[in-house]
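The structure appears below as structure tokens.
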Amino acid sequence: LQVFLKGPIEAQNISIATSHIEKGLRDSANMVILRIDSPGGSTEQSLVFAAWLASFDASRVRTIAYVPREARGDAALIAMACDEMVVHPDAVLGGDGAAFVDERQGDAITAAWREGVAAKRSRSWSLPVAMVRPGLVVKRATKADSGLIDYFSTEELESRADQNAWTMGAEVGTGPIVLSGRRATELAIASHEVEDFEGLKRAYGIGNEVIISEPGWVDVLLNALAAPGVAWLLLLIAGAGLYIEMHTPGIGIGGFVSLVAFVIYF
């Protein structure tokens with residue numbers, strides 16, 4: 001199942017993506033490919049969606065984030081909450097997105113990601129958070145006994161019971177860190193680099209059985225009606241119709257127009 005998440009992150013398109021994934025799961029889909037092309041937008045919506053994706057049982061449903069172009073700002077959190085990530089070499093991940101993140105919000109993002117995603121995935125939290133949070137310094141770390149490589153901030157390393165087993169190395173960056181798809185693959189954040197969706201299918205041995213779940217005309221219509229400008233216009237029309245109706249004997253066109261506008265708005 002391929003589900004699209006396009007444009008700024010907001011409640012409406014997260015709701016649409018969630019409903020499409022839920023429908024696919026009801027239809028027994030065992031792999032969800034979330035195709036992300038977003039500048040970010042709402043860190044709260046991204047964190048909630050990321051935590052939901054991280055709650056899936058990987059033995060039953062495999063989640064793959066596919067980023068052909070960009071997952072900037074908080075959209076990168078959604079991509080990194082999936083089991084695996086596939087990127088175009090020139091894709092852009094993290095960095096300054098559509099949402100401004102201050103220090104207080106950065107602390108909230110850290111706590112939410114650490115408890116809502118990192119704990120469920122048994123992963124370190126520093127690098128994903130640093131792709132959104134300003135000022136967080138992340139370094140490469142190597143575990144002496146196994147050669148395992150991970151990425152920690154000082155805060156995360158000092159909170160670990162095995163902190164003495166790790167040797168800190170070169171700095172990866174200071175948040176908000178922006179990575180190309182190529183760099184994400186080098187850091188082992190991304191599992192595969194591909195030129196297009198056909199490359200992804202080859203990487204996972206997928207045939208032509210992928211179900212594409214794109215937003216339909218109903219989703220597009222609801223998204224358009226939810227736009228602030230359209231909502232205010234509907235209220236203006238409803239108010240004008242109500243005013244005309246109150247100054248016209250009987251039940252007329254003003255009342256009908258007002259009723260329709262209010263129904264569409266709500």
Side-chain angles (χ1 to χ4, degrees), residues 2-22 32-55 63-82 85-88 90-118 125 127-136 173 175-181 184 189-190 213-216 218-233:
Q2 181 180 189
V3 176
F4 288 72
L5 182 58
K6 297 180 181 178
I9 300 297
E10 52 191 25
Q12 186 69 21
N13 59 359
I14 290 296
S15 176
I16 291 171
T18 300
S19 65
H20 286 189
I21 292 173
E22 288 177 336
V32 174
I33 302 169
L34 183 62
R35 183 171 185 148
I36 304 172
D37 188 359
S38 172
S42 170
T43 55
E44 295 169 350
Q45 292 295 329
S46 291
L47 285 166
V48 169
F49 191 45
W52 181 67
L53 290 171
S55 68
T63 55
I64 299 169
Y66 172 42
V67 185
R69 185 167 164 268
E70 65 175 1
R72 296 180 183 268
D74 53 280
L77 297 177
I78 296 174
M80 297 184 74
C82 294
M85 181 163 55
V86 179
V87 294
H88 186 279
D90 298 324
V92 179
L93 303 170
D96 291 320
F100 173 75
V101 178
D102 58 23
E103 185 177 352
R104 181 184 60 82
Q105 291 170 318
D107 291 339
I109 290 169
T110 301
W113 183 269
R114 187 171 55 213
E115 305 303 325
V117 179
W125 56 262
L127 186 51
V129 169
M131 296 179 76
V132 181
R133 178 181 172 178
L136 187 64
I177 296 173
V178 58
L179 301 174
S180 67
I189 298 171
S213 182
E214 292 188 86
V218 174
D219 297 322
V220 173
L221 177 61
L222 289 175
N223 211 19
L225 291 176
V230 176
W232 279 110
L233 180 61

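Owing to the predicted nature of the structure, the values given are computational and were not obtained by experimental measurement.
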Run the side-chain donor-acceptor check on residues 90-102: report pairs under 3.5 Å with partners two or more places apart or on a different chain.
unit_1: Asp102; atom_1: OD1; unit_2: Arg104; atom_2: N; d: 3.3
unit_1: Asp102; atom_1: OD1; unit_2: Gln105; atom_2: N; d: 2.8

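- Between Pro8 and Asn13, the closest heavy-atom pair is O-ND2, 2.7 Å.
- A search for side chain to side chain contact (heavy atoms under 4.5 Å, CB included) contacts involving Glu115 returns nothing, not counting sequence neighbours.
- Here Gln45 pairs with Ile9, Ala11, Ile14, Ser42 under the side chain to side chain contact (heavy atoms under 4.5 Å, CB included) rule; sequence neighbours left out.
- Rounded to the nearest 0.5 Å, atoms CD1 (Ile189) and CE (Met85) are 6.0 Å apart.
- Closest of all the heavy-atom pairs between Ala81 and Trp113 is N-CH2, 3.9 Å.
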**OP:** Give the C-alpha distance, both sets of side-chain angles, the deciding distance and a yes or no for side chain to side chain contact (heavy atoms under 4.5 Å, CB included) between Thr63 and Leu34.
**Re:** CA-CA 7 Å; Thr63 55; Leu34 183 62; over 6 Å; no

Can you give the donor-acceptor pairs under 3.5 Å from side chains of residues 67-80 to other protein atoms, not counting sequence neighbours?
unit_1: Arg69; atom_1: NH1; unit_2: Asp37; atom_2: OD1; d: 3.0
unit_1: Glu70; atom_1: OE1; unit_2: Arg72; atom_2: NE; d: 2.6
unit_1: Asp74; atom_1: OD1; unit_2: Gly41; atom_2: N; d: 2.9
unit_1: Asp74; atom_1: OD2; unit_2: Gly41; atom_2: N; d: 3.3
unit_1: Asp74; atom_1: OD2; unit_2: Ser46; atom_2: OG; d: 2.5

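- A side-chain contact (heavy atoms from CB on, under 4.5 Å) with Leu53 holds for exactly one of Ile21, Thr18, Val32; it is Ile21.
- Closest of all the heavy-atom pairs between Gly116 and Ala54 is O-CB, 4.3 Å.
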**OP:** Check the pair Arg133 / Ile109 against side chain to side chain contact (heavy atoms under 4.5 Å, CB included), numbers first and verdict last.
**Re:** CA-CA 8 Å; Arg133 178 181 172 178; Ile109 290 169; 5.6 Å; no

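- With sequence neighbours excluded, the residues forming a side chain to side chain contact (heavy atoms under 4.5 Å, CB included) with Ala112 are Leu47, listed by chain and number.
- Listed by chain and residue number, nothing satisfies the salt bridge (Lys or Arg N to Asp or Glu O under 4.0 Å) test with Arg35 (two or more places apart in sequence, or in another chain).
- Remark: side-chain polar atoms of Ser38 are paired, donor with acceptor, to backbone N or O of Gly7 under 3.5 angstrom.
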